[in-house]
Structure formats: C-alpha cells, structure tokens
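If you scroll down you'll find the structure; I have some questions about it.
In what follows, chains carry the letters A, B, and so on, assigned in the order in which the sequence lines appear, proteins first and then strands, with residues in each chain numbered from 1. What you see below is based on every heavy atom in this structure, not just the backbone, and it leaves out hydrogens, waters and symmetry mates.
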Amino acid sequence: MPALREHVDAVRLVDHHAHGCWVASGDRSRFENGLNEANIEPLAPFDSAFDTQLGFAVRAHCAPLLGLARHADADTYWRRRSEVPEPDIARLFLSAAGVSDWLIDTGFDRGVADLNGMAALAVGQVQEVVRLESVAEQAVAASGDYASAFIDILWRRTRHAVATKSILAYRGGFFGDLSDPASADVVAAATRWRDAGGTHLTDRVLLRFGLHRALELGKPLQFHVGFGDRDCNLHTANPVHLLDFLRVSGDTPVILLHCYPYEREAGYLAQAFNNVYLDGGLAINYLGARSAAFIGRLLEMAPFRKILYSSDGFGPAELHYLGAKLWRAGIAATLQRFVEADEWSAADAVRVVDLIGRENALRVYQSD
Amino acid sequence: MPALREHVDAVRLVDHHAHGCWVASGDRSRFENGLNEANIEPLAPFDSAFDTQLGFAVRAHCAPLLGLARHADADTYWRRRSEVPEPDIARLFLSAAGVSDWLIDTGFDRGVADLNGMAALAVGQVQEVVRLESVAEQAVAASGDYASAFIDILWRRTRHAVATKSILAYRGGFFGDLSDPASADVVAAATRWRDAGGTHLTDRVLLRFGLHRALELGKPLQFHVGFGDRDCNLHTANPVHLLDFLRVSGDTPVILLHCYPYEREAGYLAQAFNNVYLDGGLAINYLGARSAAFIGRLLEMAPFRKILYSSDGFGPAELHYLGAKLWRAGIAATLQRFVEADEWSAADAVRVVDLIGRENALRVYQSD
Amino acid sequence: MPALREHVDAVRLVDHHAHGCWVASGDRSRFENGLNEANIEPLAPFDSAFDTQLGFAVRAHCAPLLGLARHADADTYWRRRSEVPEPDIARLFLSAAGVSDWLIDTGFDRGVADLNGMAALAVGQVQEVVRLESVAEQAVAASGDYASAFIDILWRRTRHAVATKSILAYRGGFFGDLSDPASADVVAAATRWRDAGGTHLTDRVLLRFGLHRALELGKPLQFHVGFGDRDCNLHTANPVHLLDFLRVSGDTPVILLHCYPYEREAGYLAQAFNNVYLDGGLAINYLGARSAAFIGRLLEMAPFRKILYSSDGFGPAELHYLGAKLWRAGIAATLQRFVEADEWSAADAVRVVDLIGRENALRVYQSD
C-alpha cells in the first residue's frame with residue numbers, strides 16, 4: 001500500500017509538545033546522557049546509550065542525514081556529528097521532521113534553545129506551552145498575595161501561549177486529593193514555601209491550586225504521564241489516579257503526554273471523558289524498533305479524534321526528528337495491517353493519519 | 001489453514017455473559033452513545049463513536065449484514081439501520097452470531113429486552129445470570145430480617161438461573177476487606193441502607209455479605225473486572241485485589257469478566273486457583289482491529305480449560321454479533337500463527353477453540 | 001536470515017538463575033503440578049497442566065528429545081517420560097539446553113538436586129546463589145547476636161557464591177519502608193522471631209536488614225519479581241515499589257528476575273539505574289508460544305547491556321531446557337523482524353544476542 005505510506009510521509013505534523021534543542025556544542029557524554037531519559041547520573045563506564053533501542057534508532061535513521069551509512073557504528077556517528085556545528089545539526093533534523101508547528105514547553109530549558117532560539121532556526125511556527133510550576137515560582141517571588149500573583153502571571157504569560165503544562169508527576173504524583181484548595185490554605189502554603197526559598201515546588205496545596213487555575217483558564221492543560229526520569233515515582237504517574245480530577249475538569253482539554261507504560265489506562269480515560277486526549281511522545285523515541293507496537297496500543301480505547309502527535313524532543317535535535325520519523329513508520333505499519341486484514345478501509349487509514357498527525361491538534365489548540 | 005478458520009466459523013458459541021439488546025427504535029445519539037462504554041455524558045459535538053475501533057468494526061462487519069458495502073460510511077450505516085425495525089435488527093445480528101446459548105445478566109435492563117424478550121427473538125437458548133446487587137435491593141425492600149430475606153431471594157431467584165454476578169467493581173472496587181461480615185454488622189448496615197432509601201448499594205458490609213452468600217450457593221459467580229464506565233475507578237477493578245477473597249472462595253467457580261487492561265493479572269489468577277476463570281467480553285468489541293492482539297494475551301498464563309467466550313453485548317444487537325465475529329477472527333488468526341510456527345499442532349488449535357468457545361462454559365454452568 | 005538463527009542456536013548460555021532439577025522419579029501428578037507455578041493445591045480433576053502454553057511447549061519441544069513426535073499427546077508424553085530414569089531425563093534436557101554455566105539458587109531445594117547433585121550431572125559449570133532468607137534462618141538458629149551471626153554467615157556462605165537472592169516478594173512484598181533498620185530494632189525483631197520458632201521469615205525489620213547487608217557485600221543481588229505462586233500478592237511484587245530501595249542501592253548490581261507482567265516497569269528501572277538489570281526467566285517457559293512477544297517487551301526501555309538470560313527451571317529438567325529453547329526461538333524471531341524492517345543491522349542483532357545470552361552475565365557475576 002504505497003499510497004498510505006506516501007501520505008503518512010507527506011503529512012505536515014503538529015508537534016504539540018516538545019522542548020528546545022541544543023544550539024551550543026557539547027561533548028560525547030552530554031550526547032549519550034541526552035539519550036537516556038530515566039537515569040539522572042552519568043552512565044556507567046560499561047554502558048553506552050548507543051546500545052539501546054533509541055541508540056539503534058539514531059544510528060538507523062539519523063546517520064543517513066549526516067551522510068553516513070544506515071546503522072553507522074557509534075564512534076563513527078559521534079565523530080561525524082561532532083564535526084557539524086550544533087545549529088546546523090538542529091536545522092538539519094528539525095527541517096527533516098516535516099513539522100509545521102512546534103508547541104514548546106518552556107518550563108525546563110537548561111542548555112537548550114528558548115522560544116526565540118527555536119524560532120530563529122526557522123523550521124516551522126513556534127508557540128509556547130507555559131509550565132504551571134514555573135508560574136508558581138514567579139508568583140512566590142512576587143510581592144503580595146500569592147494567589148492573585150499566580151492568576152495574574154498565568155493569564156499574562158498565556159495570552160500568546162497555546163497551553164499550560166503540569167509536571168505534578170515529578171512533584172509527588174497523582175495519588176491523593178487534587179481538589180481546589182481553600183484560600184486560607186493557599187495563603188499558608190505560599191508563606192511556607194516563600195520562607196523555604198520558593199524553588200522546586202512540591203507543596204500539594206499549591207500544586208492543586210495551580211491545576212484548578214489552569215482549568216479556569218480553559219486552554220488545554222498538558223500532564224506529564226508515565227515514565228520520565230527516576231525522580232518520578234512511576235506508579236504515581238499512572239493517569240488512572242487522575243480520575244477524580246478529571247471528573248471535575250469540565251470542558252478544558254486535558255492532554256495526557258507520553259503515557260508509557262500506562263497507555264491503555266490513558267486510552268480508557270480518553271474514551272471516558274469528552275475533554276481528555278493522549279499522545280505517545282517521548283516513548284516512541286525510546287522504543288525505537290518497538291515503537292510500532294506501542295503506536296498500535298495507542299489505537300485501542302482512545303477515540304481517533306482524541307489522539308495527538310508529539311516528539312517531546314529535548315536536547316539533541318535527533319529526538320525532534322526521530323519522533324516524527326518513528327511515528328510515521330509506526331502508524332503506517334500499524335494501519336497497513338488493519339487495511340490488509342480488511343478491518344479498516346484505506347480511506348479511513350488516511351483520514352486517521354491526518355487526525356492524529358495534524359487535525360486534532362489544530363482543533364484542540366486553536367479552539368480558544 | 002482453511003480448516004481451522006472453517007472450524008472456528010462453524011462452532012456454536014456459548015455467550016456466557018450478555019445483556020438484553022434493544023427491541024424499540026431510537027435515534028442516532030442513542031446509537032452512538034451505545035458504542036461508548038466509558039463515557040457517561042453525551043459525546044462531545046466534535047466527536048463520533050463511529051471514529052473508534054468499535055465504530056470501524058461496526059462499519060466493517062455489520063454493514064454487509066444490512067446489505068451495505070463493507071466499510072460503509074457512518075451516515076450511510078445509520079440511515080440504513082434506521083430504516084430497519086429494531087426487532088428485525090436484533091434477530092438479524094443475534095442469529096448471525098452463531099450462538100446456541102445466551103446467559104443474560106438481568107441486573108441492568110434499562111431500555112433493553114428482558115429474559116422473555118430475548119427468548120422471544122428465538123435466536124438460541126436463554127438463561128439468567130442474577131445480579132447480587134439487585135437481590136440486595138429486593139432484600140432491603142422486603143420486610144423483616146435482611147440477611148434471611150437476601151438468602152431467601154437469592155435461592156429462589158437462582159433456582160432456574162445459571163450464575164450470579166457482582167458489580168462490586170462499580171460499587172467501591174476490590175480494595176480492602178472482602179471477608180464475610182458478622183451478623184450484627186449486617187443488621188446494622190441493612191438498617192442504615194433501608195433508612196437511606198435502599199437503592200444503589202455501596203455499603204461494603206452488605207456487598208461482602210452478598211458475595212459470601214453467592215459462594216455458599218455454589219453456582220458460578222461472575223465479577224465485572226477492569227474497564228467499564230467511568231463510575232468505576234479503573235485501578236480498583238484490577239482482579240489482583242481479589243486475591244484474599246479468592247483464597248477463601250473454595251470450589252465455587254469465580255469468573256473474571258472482560259478484564260482489560262488487566263487480562264494478564266486475570267490469567268495469572270486462573271492459573272493460581274482451580275476455581276478461577278476469565279473471559280475477554282466487552283473488550284474484544286471495543287478493541288476492534290486490535291482485538292486479535294488482546295485474544296493473544298488471554299492465551300498466556302490462563303490454562304485453556306479456564307477461558308470462556310462472551311460478548312457482553314448490551315443495547316445495539318451489533319454488539320452481540322460483533323463479539324462473536326471478532327472473537328472468531330481473532331482466535332483463528334492467533335492460533336494460526338501458533339500452528340504456522342509449529343508451536344501448536346493443528347489438532348490442538350481446533351480443540352482449544354472448542355474449549356473456549358463452548359465446552360468450558362457447558363462444563364462450568366451445567367455442573368451444579 | 002539463517003545466519004542469525006544459527007548464531008542464536010550456537011551461543012553457549014549463562015543461565016544466571018535456576019534451581020535444582022529432579023533426580024528421583026515421581027508420579028504424573030508431581031509432573032503436572034511441576035508445570036503450574038501459581039497454584040499451591042493439586043490441580044482440579046477437570047484440569048491438566050498439559051492444556052496450557054507450557055504444556056503445549058513441552059509436547060512441542062521436549063517430546064522429540066524423548067524420541068517422540070513433535071506435539072505427542074499428553075498420555076504418550078507421560079508414558080515415555082516415566083520409562084526413562086529421572087537422572088537420565090535430567091542429563092538429557094540439561095545438556096540439550098546448551099548452557100555453559102548454571103547459577104543455582106539453593107534456597108529452596110525440596111525434592112531437587114543440590115549443588116553437588118547438579119554438578120554431578122556434568123552438564124556445565126555450577127555456581128551458587130545464596131538466598132538471604134535462608135541465611136536469616138541460620139542466623140536466628142545460631143547462638144548470640146543475630147546481626148553479627150547474619151553477617152558472618154552471609155560472608156562465609158558467599159565466599160564461593162556468585163550472588164545473593166531475595167524472596168521479599170513472597171514475604172510481604174515491596175510496599176513500604178525498605179531502609180536499613182536501627183540496630184536496636186534488629187535485636188528486638190530477632191528475639192521475637194527466635195521466640196516464635198525462627199522459621200519462614202516475614203518480619204520486615206529482618207528482611208530489610210538482610211537486604212542492606214547484601215548491598216554491602218557487593219555481590220549481585222537478585223530479586224524475585226512479579227508472578228510466582230499465589231502466596232505472593234502479585235501487585236506488591238511490582239518492581240516499581242523498589243524505587244526507594246534502588247535509590248540507595250549504590251553500585252551493587254540488583255537483578256530483577258522474571259518480572260511478568262511488570263517487564264515494562266523493570267525495563268524502565270534498568271534504564272534509570274546504572275546498577276539495575278532484568279531477565280525474563282520463568283515467564284518465558286510459562287508463556288510458551290507467546291514467549292516471543294514477551295521477549296520483545298524485554299527489549300524496550302532496558303539498555304541491551306542490562307538484560308540477562310535465565311530459565312528459573314525447578315523440578316522437571318524440561319524447564320531448564322525449555323527456557324533456553326524458547327529464549328533462542330523468541331529472540332531470533334524478534335531480532336529477525338527488527339533486521340528485516342531495517343531498524344537494526346544484522347551485526348547488531350548478533351551482538352545483542354551475545355550480550356544477553358552470555359556476556360552481560362559474565363561481566364556482572366565475575367566483576368567482584
């Protein structure tokens with residue numbers, strides 16, 4: 001079915017959740033650690049990030065863009081890559097991703113391009129996703145009432161932003177009460193946090209406060225879900241523990257990001273709530289040759305108008321490219337099997353590719 | 001291997017867990033909401049239940065029975081379907097399911113045919129599965145001692161019924177103590193519930209009481225497990241939390257229904273306990289083109305004499321048919337791969353089809 | 001790709017976690033119960049362990065070694081097997097496994113060969129894995145201070161052993177505090193346990209004490225993870241609940257055994273911690289024709305230098321053989337698909353087979 005594959009390869013994607021890529025050069029250990037999401041220490045001497053599904057995918061799919069043979073070995077890949085200036089690497093891979101719109105989470109930008117930096121690469125439209133925890137840090141640093149400051153900063157910062165984002169998964173997880181806290185509790189919690197320095201928010205009261213202000217804002221609210229680095233207690237990032245929150249989330253779109261290995265639970269939630277969506281960013285890259293199977297699982301309980309595309313690229317621009325490359329290959333292979341089994345029509349397959357790759361995101365993020 | 005596929009298509013199934021189908025006509029929104037299990041609100045205006053795996057499966061497999069092309073579009077499907085009287089729809093799809101015996105859960109029959117209504121469609125033998133929570137509602141409405149009334153009603157109502165069913169998953173879930181409560185606690189709980197109106201049982205004491213009376217009754221006890229509508233806290237419907245209950249469940253067959261996405265845990269329990277069984281009803285329909293992969297997962301830890309077939313059809317008779325249609329296609333494809341890899345013999349594949357499709361259910365439900 | 005399959009079939013495996021096999025003859029019920037991991041009662045009269053994935057795999061792969069046709073029926077298999085002396089069965093299947101090194105967990109050896117017995121079969125190098133709970137039982141039986149005795153026995157017994165092993169999964173599971181207990185608490189707990197008879201350790205203080213002494217010892221520490229018999233509360237054997245323990249585990253290799261159905265969580269942990277490893281022993285046998293899919297899941301988040309091979313064979317020597325046979329078939333099929341899709345190079349596939357089948361284990365267990 002060449003037609004389907006051609007269509008998938010041609011569709012201009014909306015990457016609705018990514019971070020900045022590197023624009024300054026770095027050494028090999030930065031690169032290898034940039035290919036490991038979970039570990040927060042330098043890789044062990046006996047190990048190499050090239051000997052993983054992601055590393056093999058980099059060698060298979062990124063090497064040719066650097067003029068190397070597919071499956072070039074790790075040393076060859078690194079040598080060639082280090083000869084190319086990092087901004088050229090960035091432009092090369094970002095252009096090759098075939099992405100028309102990048103929605104950039106600016107909440108964590110250590111060492112990577114900011115919004116202007118991403119825009120300067122001129123590889124597509126760039127828009128901002130505002131992280132709630134960074135709004136909180138600005139609010140606690142402001143003088144006066146925390147709640148007012150938070151709301152003020154949130155509305156101001158999101159005037160031109162398309163969405164908000166929560167990393168509650170990294171700040172205690174989804175277990176427990178996520179209701180809107182009482183005003184007095186917010187005042188007390190803000191004072192405590194301010195006195196403690198006002199960084200790295202983990203106070204549940206303030207985290208809950210931020211989520212409910214994001215619901216009131218009405219712009220799509222993204223949640224980190226599932227695997228990330230080991231600061232996150234994986235089981236508390238299972239989206240099923242968001243059920244009570246979702247039950248009161250009204251019409252504000254809530255988007256479950258990444259989701260591995262809880263993609264089935266996330267798909268269930270996308271069926272259960274009119275305002276819940278999911279994607280498979282981050283995981284697709286890390287699964288490499290296994291990502292097609294994961295993409296198949298994303299196509300289970302979730303309605304097809306509730307699934308989005310993202311790369312969650314951060315750091316090496318290979319990740320922004322690979323996300324698109326692997327998604328294209330994986331969805332084409334998955335849908336092709338459905339069509340060959342005559343379970344789906346070819347026309348439906350093309351239509352679903354457009355929904356997930358582009359149209360759902362345009363609807364969700366431009367609806368305000 | 002045409003022989004295997006032909007055998008699978010010919011086997012007369014026992015659908016050991018289904019509900020009534022519609023026999024009165026309804027509008028398109030009833031139909032589309034009837035294709036969404038999890039959502040309890042009307043579908044969002046931007047969404048359509050046709051754009052899901054289930055919707056695609058309806059268009060692929062049900063359209064031809066209505067004289068339409070395979071993959072007929074949603075509007076065409078709905079237009080044609082709405083021209084046919086609902087009882088004719090029911091007879092059409094129920095006959096095509098190739099089911100000899102329907103075991104009907106009568107505990108929730110809003111808008112669907114009751115036992116007599118199902119029998120009147122004359123598409124197979126109809127038997128009853130009695131829901132424990134409805135027995136409880138009758139017991140609390142009766143005068144006198146709740147415990148005696150419950151036992152009395154349970155035994156009376158199941159004299160000609162083949163099984164009981166618990167929806168504990170929807171009434172607080174499986175977490176926590178499931179032991180047989182003390183008599184005094186039952187008296188107190190029944191009084192409280194009666195005073196509160198005696199509807200929608202959620203009292204743990206009375207739920208536990210009902211389960212243990214069902215064990216004493218000795219007829220197979222079915223549990224809703226895993227995904228359902230969003231009133232259910234999905235993670236508390238993981239059957240692994242039934243472990244303590246199963247450890248005291250004796251010889252009474254306990255059947256874990258649906259199980260998605262906890263089918264692996266359910267399979268483990270079916271291996272761990274002589275009296276535990278599982279099926280994949282409901283999920284098979286909702287997974288559509290992905291149902292074959294799910295059927296493969298049902299064939300992991302569970303012994304082959306402990307797996308059953310059901311559709312869990314409710315409402316549109318398409319569901320009673322699709323359950324069978326997708327199960328036949330999925331098990332044939334799965335076992336064919338085992339045989340082609342020479343991991344299984346062809347004769348074993350045929351034998352396992354008969355066990356799961358028919359013989360296990362006949363053994364379990366006729367053994368009393 | 002015959003080259004890959006030939007390479008996989010030829011690699012001499014390190015089976016880094018197995019138990020003794022039977023060397024004395026037994027009846028058919030011993031054999032059938034030996035093919036059910038989870039059930040702790042005799043199989044029901046209506047059931048047969050031959051009618052499972054494992055049973056079918058025995059008939060497919062072990063029958064030919066006994067001179068029978070592939071897929072010989074259960075009665076034929078049993079009749080032939082019972083004609084062969086058990087030590088000959090053991091030598092036959094263990095040799096056929098193609099294993100150069102057996103690392104034997106001696107903590108549970110009821111009815112099976114001990115280290116000397118395994119060595120006497122002369123089918124490869126035999127080394128010991130010392131179970132922490134059996135060290136504890138020896139320590140509590142010794143006179144004097146429990147803590148000193150434990151340390152003393154642990155160091156003495158592991159002088160020639162290659163690893164330690166914890167069955168915490170069976171003794172309360174991974175939930176809750178796993179920090180190193182205070183000395184006074186250890187004294188008190190040891191006294192209580194000694195007074196209670198000093199068998200079947202379930203005291204959390206002493207279990208935690210043992211784990212931290214194993215970390216200090218520095219030899220690889222194996223954990224039973226995931227499914228086993230029904231004494232284990234499956235959900236408490238999810239390795240994600242080891243996160244806090246792993247965060248303080250330093251450099252001592254920690255190896256997550258079996259892992260089903262939590263292999264994705266285990267793979268994440270292997271990526272997140274430099275010292276964490278996983279394997280898929282036990283599960284591969286029980287999954288039979290479904291084991292290739294499981295092996296695919298092991299190859300997701302876990303770096304390829306962090307995955308090991310084991311059979312977890314216990315009792316029938318068929319299990320020690322089947323583990324190897326199914327692993328070879330499953331990894332060959334899985335990697336072949338990666339290579340055919342041009343996601344991996346053929347050379348990488350061969351290299352990863354060597355890492356998992358042999359080299360990772362040699363590095364981990366000989367590094368002290």
Q.
Is the shortest side-chain heavy-atom distance between Arg264(C) and Leu234(A) below 4.5 Å?
A.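 No, side chains not in contact.
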Q.
Checking side-chain polar atoms at under 3.5 Å, does Asn274(C) have a donor or acceptor matched by the opposite partner on Asn39(A)?
A.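 Note: Asn274(C) and Asn39(A) side chains meet the donor-acceptor criterion.
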Q | Heavy atoms of other groups near Asp180(C) CG, more than 12 under 6.0 Å | A |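 Atom CG in Asp180(C) is packed in, count exceeds 12.
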Q. Where do Gln271(C) and Ala38(A) come nearest, in terms of heavy atoms and distance?
A.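 Here Gln271(C) and Ala38(A) meet closest at OE1-N, 3.2 Å.
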Q.
Please classify the contact of Asp73(A) with chain C as side chain, backbone, both or neither, using a heavy-atom distance under 4.5 Å.
A.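 Neither part, no heavy atoms under 4.5 Å.
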Q.
Quick one, His235(A) and Asn238(C) - any side-chain contact, counting heavy atoms below 4.5 Å?
A.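 They are not in contact (no side-chain heavy atoms under 4.5 Å apart), so the answer is no.
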(Q) What part of Ser48(A) gets within 4.5 angstrom of chain C, counting heavy atoms only: side chain, backbone, both, or neither? (A)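 When you check distances to chain C, atoms from both the backbone and side chain of Ser48(A) fall under 4.5 Å.
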Q. For the candidates Asp229(A), Ile40(A), Asp47(A), Leu43(A), which exhibits the highest count of non-hydrogen atom pairs separated by less than 4.5 Å from chain C?
A.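 Maximum pair count with chain C is reached by Asp47(A).
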Q. Is the shortest heavy-atom distance from the side chain of Gln53(A) to the side chain of Trp344(C) under 4.5 Å?
A.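 They are in contact (side-chain heavy atoms under 4.5 Å apart), so the answer is yes.
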(Q) Report which part of Leu299(C) has an atom under 4.5 Å of a heavy atom belonging to chain A: side chain, backbone, both, or neither. (A)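 Both backbone and side chain of Leu299(C) come within 4.5 Å of chain A.
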Q. Given that the side chain runs from C-beta out, which part of Ala57(A) has a heavy atom under 4.5 Å from chain C: side chain, backbone, both or neither?
A.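 Answer is neither: Ala57(A) stays 4.5 Å or more from chain C.
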(Q) Just so I know, are the side chains of Arg230(A) and Leu246(C) near enough to count as touching, which here means a heavy-atom distance under 4.5 Å? (A)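 Side chain of Arg230(A) against side chain of Leu246(C), heavy atoms only: no contact under 4.5 Å found.
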Q | Largest heavy-atom contact set with chain A, pairs under 4.5 Å, which of Leu243(C), Val352(C), Asp348(C) | A |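 Of Leu243(C), Val352(C), Asp348(C), Asp348(C) has the most heavy-atom pairs under 4.5 Å with chain A.
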Q. Relative to chain C, which segment of Asp231(A) carries a heavy atom at a distance below 4.5 Å: side chain, backbone, both, or neither?
A.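 For Asp231(A), the backbone is the part near chain C, not the side chain.
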**Q.** Rounded distance (nearest 0.5 Å) linking atom CG of Asn275(C) with atom CD of Glu41(A)
**A.**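 The CD atom of Glu41(A) is 8.5 Å from CG of Asn275(C), to the nearest 0.5 Å.
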Q. Are Glu37(A) and Tyr268(C) side-chain neighbours, meaning at least one heavy-atom pair lies under 4.5 Å?
A.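 When only atoms from C-beta onward are counted, Tyr268(C) and Glu37(A) do not touch, as no gap falls below 4.5 Å.
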Q.
If I measure from the heavy atoms of chain A, does Arg297(C) come under 4.5 Å with its side chain, its backbone, both, or neither?
A.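 For Arg297(C), backbone and side chain are both near chain A.
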**Q.** Closest approach of Asp342(C) to Arg70(A) (non-hydrogen atoms, all atoms of both residues)
**A.**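 It is O-NH2, 2.8 Å.
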Q. Where on Phe50(A) is there a heavy atom nearer than 4.5 Å to chain C: the side chain, the backbone, both, or neither?
A.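 Looking at Phe50(A), nothing touches chain C.
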Q. Got a donor-acceptor contact below 3.5 angstrom from the Asp51(A) side chain to the Pro303(C) backbone?
A.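 No; judged by distance alone, with no hydrogens or angles, the pair does not exist.
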Q: Keeping the roles fixed (side chain from Arg305(C), backbone from Phe46(A)), state whether a donor-acceptor pair exists under 3.5 Å.
A: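 Between the backbone of Phe46(A) and the side chain of Arg305(C) there is a qualifying donor-acceptor contact (under 3.5 Å).
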Q.
Looking at chain A, which one of Glu343(C), His241(C), Lys306(C), Arg351(C) has the largest number of heavy-atom pairs inside 4.5 Å, strictly under?
A.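 Heavy-atom pairs under 4.5 Å are most numerous for Glu343(C).
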Q) Less than 4.5 Å apart, any side-chain heavy atom of Met301(C) and any of Tyr260(A)? A)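 Side chain of Met301(C) against side chain of Tyr260(A), heavy atoms only: contact under 4.5 Å found.
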**Q.** chain C contact via Leu326(A) - side chain, backbone, both or neither, heavy atoms under 4.5 Å
**A.**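 Interface part for Leu326(A): side chain.
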Q) Are the ring centres of Phe338(C) and Phe56(A) closer than 6.0 Å? A)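 No; Phe56(A) has its ring centre 6.0 Å or more from that of Phe338(C).
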